[in-house]
Trainee: 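Quick one: the structure is below, questions incoming.
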Amino acid sequence: MSEGKGSPLQETTSKVADIQLGLQHDLDALKTQLSPRAVEDLKVKYLGRKGQVTALMETLKSLPKEEKPAAGKIINELRQKLEGELEIWRQKAEDHALEQSLTQHKLDISLPVQTTTGQGSLHPVTLMRRVLLAEFRRLGFTVYDGPEVDLDFYNFSALNFKDDHPARDMQDTFFIGERAKTILRTHTSNIQIHAMMVEQAPLRIVAPGRTYRCDSDLTHTPMFHQIEGFVVDEGIDMGDMKGVIDRFLKAVFGQDLATRLRPSFFPFVEPGAEFDLQCVACRGKGCRICKQTGWLELGGLGMIHPNVFEAVGYDSDRYTGFAFGFGIDRIAMLRYGLADLRQLFEGNQQFLGQFPIHP
Ligand code: PHE
């Protein structure tokens with residue numbers, strides 16, 4: 001430390017030297033514990049309101065007038081030097097902190113993304129639906145969509161279900177709302193009504209979708225999938241219907257399997273039938289899958305009832321048409337050889353991930 005014996009200017013110069021020495025000492029210490037916070041502390045210590053450089057500046061007041069400019073210049077130079085130096089260290093400290101956090105957290109942004117574990121797959125029902133729809137597109141059908149939550153009118157009344165028809169029974173239908181006018185559709189046939197109420201004939205439509213019935217066992221789930229199809233034009237007859245279904249089934253299951261129609265009843269078709277396919281497992285000999293009959297029941301079909309045309313405002317004297325509907329899940333079950341339909345909807349990724357794109 002200076003003894004303060006020289007001129008006031010010499011005294012200032014020696015104080016400046018002291019401060020520089022002190023800073024040098026502090027910076028040496030800083031190197032072992034470098035942090036932005038420590039640099040900030042030094043800034044306060046030297047340049048802050050009560051800092052050493054600021055205090056030195058205060059001494060100017062008591063200096064003789066003629067020495068003030070020279071002493072002021074020296075102190076200002078010191079201040080600028082320190083500001084520059086501490087700024088460099090602030091930058092160093094920040095780089096160091098970033099470096100440290102990167103190595104500590106071991107974040108390696110160059111690592112490849114894992115793509116092989118937990119990868120999703122298309123659901124077997126989706127795969128099956130795509131195969132079936134592709135076949136209908138080939139036959140000239142357009143794919144249509146309709147609501148799963150619907151009014152009784154579209155699902156039943158307009159499809160010629162009388163008010164006391166057993167299918168409206170609580171055991172089959174999921175009702176929504178107090179007056180039971182809103183329901184979960186029990187079949188995709190509601191799309192016949194939706195489509196015909198907005199589109200003009202001629203129509204050639206297929207419509208896939210979820211359907212709901214209060215039922216659950218090895219071959220039934222409360223939610224299942226259907227595909228509805230219908231063709232409306234002048235002069236459509238049962239030969240067209242049989243031809244389309246036969247071509248479709250042979251294209252999907254193989255040319256050598258026989259198909260057949262059996263008379264049946266659905267309120268919205270007349271005449272109505274069910275269509276069967278020769279058993280894909282035993283080829284008609286009789287086995288466990290076809291319950292020894294040699295045939296698999298696939299779905300229903302028939303000529304669209306004139307009452308349906310009346311309900312949607314089509315001229316039933318001019319137009320005729322046929323409709324068919326069948327379950328996608330059941331076909332997926334046959335094609336993939338599944339024992340229990342319910343497995344499809346239990347969300348087990350290991351089970352769902354094993355199906356090939358082309359069944
Ligand atoms: N909707 C009927 C069912 O779910 C199937 C069907 C559709 C029958 C079209 C005839 C015509 O059982």
Side-chain angles (χ1 to χ4, degrees), residues 125 129 132-133 136 139 141 143-148 150-162 165-169 171-174 183-196 203-215 219-232 236-238 240-246 248-249 259-277 296-309 311-312 314 316 319-331 333 341:
V125 173
R129 187 189 65 223
L132 301 174
L133 289 182
F136 280 117
L139 289 170
F141 283 77
V143 178
Y144 215 82
D145 197 15
E148 290 171 35
D150 210 355
L151 293 173
D152 176 286
F153 173 80
Y154 294 95
N155 194 88
F156 291 130
S157 305
L159 285 166
N160 198 33
F161 282 82
K162 300 289 177 256
H165 194 279
R168 292 171 179 241
D169 196 289
Q171 285 174 15
D172 293 309
T173 310
F174 289 109
I183 58 162
L184 293 179
R185 70 175 170 202
T186 59
H187 52 181
T188 44
S189 298
N190 68 331
I191 299 172
Q192 291 184 35
I193 306 302
H194 284 285
M196 286 194 273
L203 294 178
R204 220 184 293 174
I205 285 173
V206 275
R210 292 191 182 89
T211 47
Y212 302 85
R213 284 180 209 175
C214 197
D215 207 352
T219 53
H220 296 89
T221 49
M223 186 283 296
F224 56 106
H225 300 82
Q226 285 191 334
I227 290 182
E228 190 81 5
F230 46 99
V231 172
V232 180
I236 298 290
D237 61 30
M238 287 189 74
D240 299 316
M241 176 176 84
K242 194 167 188 305
V244 165
I245 282 297
D246 190 61
F248 165 72
L249 291 178
T259 63
R260 74 174 186 189
L261 305 184
R262 273 177 299 112
S264 185
F265 175 77
F266 302 93
F268 41 97
V269 285
E270 180 56 36
E274 280 173 66
F275 60 94
D276 297 347
L277 175 71
L296 300 167
E297 300 176 7
L298 288 188
L301 82 183
M303 298 303 291
I304 296 176
H305 199 292
N307 288 355
V308 174
F309 284 139
V312 297
Y314 273 28
S316 62
Y319 291 113
T320 52
F322 64 87
F324 55 87
F326 58 89
I328 305 177
D329 319 81
R330 186 159 154 65
I331 292 181
M333 204 174 169
L341 193 68

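Indexing begins at 1, ligand by ligand and atom by atom, following the structure's order.
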Trainee: Could you tell me, atom by atom, which parts of ligand 1 come under 4.0 Å of a heavy atom of Leu301?
Mentor: 8 (C), 10 (C), 11 (C)

Trainee: Say whether, by atom type as modelled, one donor and one acceptor occur between the side chain of Glu274 and the main chain of Ser264 under 3.5 angstrom.
Mentor: no

Trainee: Show me which atoms of ligand 1 lie under 4.0 Å from any heavy atom of Ser189.
Mentor: 1 (N), 7 (C)

Trainee: Can you tell me the protein heavy atom closest to atom 8 (C) of ligand 1 and the distance?
Mentor: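 Atom 8 (C) of ligand 1 sits closest to the protein heavy atom Gly300 C, 3.5 Å.
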
Trainee: So which protein heavy atom does atom 2 (C) of ligand 1 come closest to, and at what separation?
Mentor: Phe268 CZ, 3.8 Å

Trainee: Judged on heavy-atom distance to atom 4 (O) of ligand 1, which of Arg213, Arg185, Glu274, Glu228 sits nearest?
Mentor: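 The residue whose heavy atom sits nearest atom 4 (O) of ligand 1 is Arg213.
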
Trainee: Picking from Thr211, Thr186, Asn190, Thr173, what satisfies side-chain hydrogen bond (donor to acceptor under 3.5 Å, both in side chains) with Asn155?
Mentor: Thr186

Trainee: Only heavy atoms of Gln226, strictly under 4.0 Å: list the atoms of ligand 1 that pass.
Mentor: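 Checking each atom against Gln226, I get 3 (C), 4 (O).
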
Trainee: So is Thr186 polar-close to ligand 1, meaning N/O to N/O under 3.5 Å?
Mentor: no

Trainee: Out of His187, His165, His305, which one pairs with Leu159 under the side chain to side chain contact (heavy atoms under 4.5 Å, CB included) rule?
Mentor: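 Per the side chain to side chain contact (heavy atoms under 4.5 Å, CB included) rule, the option paired with Leu159 is His187, out of His187, His165, His305.
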
Trainee: Could you pull out the closest heavy-atom pair between Pro208 and Tyr144, with the gap in Å?
Mentor: CD-O, 3.6 Å

Trainee: Indicate, with yes or no, if the rings of Phe326 and Phe248 have centres closer together than 6.0 Å.
Mentor: yes

Trainee: Tell me which protein heavy atom sits closest to atom 7 (C) of ligand 1, plus the residue, atom name and distance to 0.1 Å.
Mentor: Gly325 N, 3.3 Å

Trainee: Tell me whether the centres of the aromatic rings in Phe136 and Phe324 are closer together than 6.0 Å.
Mentor: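 Distance test on ring centres: under 6.0 Å, yes.
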
